[in-house]
There are 2 protein chains.
Amino acid sequence: MVTPIENRAAVTQNHCVPFVPDAVDRRLLRLLQEDAGRTLRELGELVGLSPSAVQRRIRGYRAAGVVAREVAVLDPAALGPTTLAVVLVTLDHESAEHHAAFRTRMRHEPRVQQCYDLAGQWDYVVVLVTDSLAECRALSDRLFLGDGNVRRYDTLPVLDPVKTGLTVPLPEP
Amino acid sequence: MVTPIENRAAVTQNHCVPFVPDAVDRRLLRLLQEDAGRTLRELGELVGLSPSAVQRRIRGYRAAGVVAREVAVLDPAALGPTTLAVVLVTLDHESAEHHAAFRTRMRHEPRVQQCYDLAGQWDYVVVLVTDSLAECRALSDRLFLGDGNVRRYDTLPVLDPVKTGLTVPLPEP
DNA sequence: CGTGAAAGTTTGATTGT
DNA sequence: ACAATCAAACTTTCACG
């Protein structure tokens, strides 16, 4: 007998058709975003399904790329004094090569926590995690001045991380 | 017999003394930030420890608050078209009550993924996750104009999420 | 989707360094 | 104080109904 192709997973990998979650999928995904450490039995009890049904669904989320990864979130403050900063950056030369070089640099620097390409007056916003404002300054100089292709950057030090996370909203109804 | 107090955990909970990781702790924490789905045996093989030694350390990270939580990271693009936007906000009235009200609003809105209190010309930077620029506009109006305490805000739509994550740098040496 | 048996993982007591 | 070992409890996995 021929194994039937799983539609949702297969098509979604073509980056064409989105994964369409039902009400239970949305509840499960909300629970997994909150705490990925729960057992299949716990999750099953919370959504009213057997452990293996939960497992099948979660397997589907991974296959469809809906669940990209599972990670531990560290609290930098527990490891010692930490400075966060949001940096707005505009490049000087706007060629594809210059942009690619900048992005590669951001992806390789561990103290760059996030980097987004922007529309508008600024080209990028970058979130830096350092031990101190001094280290932040030194890193900015190296990252944004060393290369010579940054026209201007503006550093906005973070006073308080009011809300952090990577949570994606999943409407209830 | 009296149970000895676990120094690192107990003191760190006072938000005073940081947790001081050794070389193995740093390797483990780096692995857990990358992928929290590995088994204790796998982790043990990667750092050269027995599964139960790994378990004891990880238990310590949780107790010390170094590992805050374990979450599944979803790819919003796999669920359909998504618009990310970075919004810079300055409040009108700067009293403690006005700031508290704003923060509460950010924390309660699921489409606010991140919010940081800033030093400098802007009071806050907010990351919004919506289905479209139109929904982003509607949400901004409700969040930043509905309340009447925002002096001005600047929306920077995201063209490409070059690097995302909550990873905290853990130096090697 | 649920059930149940097999495989693998986590847990904690114990012992040794 | 920390690591290894081992057995019991629990989870995950998968074939089948």
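We name chains A, B, ... by the order of the sequence lines, and we start the count at 1 in each one. Nothing here was measured: the structure is a model prediction, and the numbers come from that model.
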### Nearest-Å distance for atom pair CD/C1', residues B:Q55 and D:dA3
13 Å
### Query
Just the endpoints, please: which first and last nucleotides of DNA chain C, 5' to 3', lie under 4.0 Å from a heavy atom of chain A?
C:dC1 to C:dT3
#### Entry: Pair B:Y124 + B:Y116: ring centers closer than 6.0 Å
no
### Task
In whole angstrom, give the distance that lies between atom CG of B:D22 and atom P of D:dA1.
15 Å
## Note on the structure
Between A:P51 and A:R41, the two heavy atoms sitting closest are CG-CA, 4.0 Å
### Query
Expressed in angstrom and rounded to an integer, what is the separation of B:R57 atom CZ from D:dA4 atom P?
9 Å
### Message
More than 12 heavy atoms of other residues, nucleotides or ligands under 6.0 Å from CZ of B:R107: yes or no?
### Response
yes
#### Entry: Under 3.5 Å donor-acceptor, B:E42 side chain and B:R38 backbone
no
### Nearest heavy atoms of B:S132 and B:E135, plus distance in Å
OG-N, 3.1 Å
#### Entry: Ring centroid separation A:F19 to A:Y61 under 6.0 Å
yes
### Message
By nearest heavy atom, map A:R56 and A:R41 onto DNA chain D; which one lands nearer the 5' end?
### Response
A:R41
## Note on the structure
Rounded to whole Å, the CD1-P distance (B:I58 to D:dA3) equals 13 Å
### Task
Evaluate side chain to side chain contact (heavy atoms under 4.5 Å, CB included) for B:K163 paired with A:Q113, printing each intermediate quantity in order.
CA-CA 7 Å; B:K163 184 176 189 175; A:Q113 191 183 64; over 6 Å; no
### Message
Run the side chain to side chain contact (heavy atoms under 4.5 Å, CB included) test on B:E109 and B:L128 for me, step by step, so that the C-alpha distance in whole Å, both residues' side-chain angles and the decisive distance to 0.1 Å come before the verdict.
### Response
CA-CA 10 Å; B:E109 171 54 59; B:L128 299 181; 5.9 Å; no
### Query
Which angle, to the nearest 10 degrees, lies between the helix axes at the two ends of the helix from C:dC1-D:dG17 to C:dT17-D:dA1, each defined by five pairs?
30°
### Query
Can you list, by residue number, the residues of residues 43-53 of chain A that have a non-hydrogen atom closer than 4.0 angstrom to DNA chain C?
A:L49, A:S50, A:S52, A:A53
### Message
When you measure from the side chain of B:D147 to the backbone of B:F144, do you find a donor-acceptor pair of N or O atoms at a distance under 3.5 Å?
### Response
no
### Query
Do A:R30 and A:E34 sit within salt-bridge range, that is, some charged N less than 4.0 Å from a carboxylate O?
no
### Query
Looking at A:G165 and B:L166, what are the two nearest heavy atoms and their distance?
CA-CD1, 3.8 Å
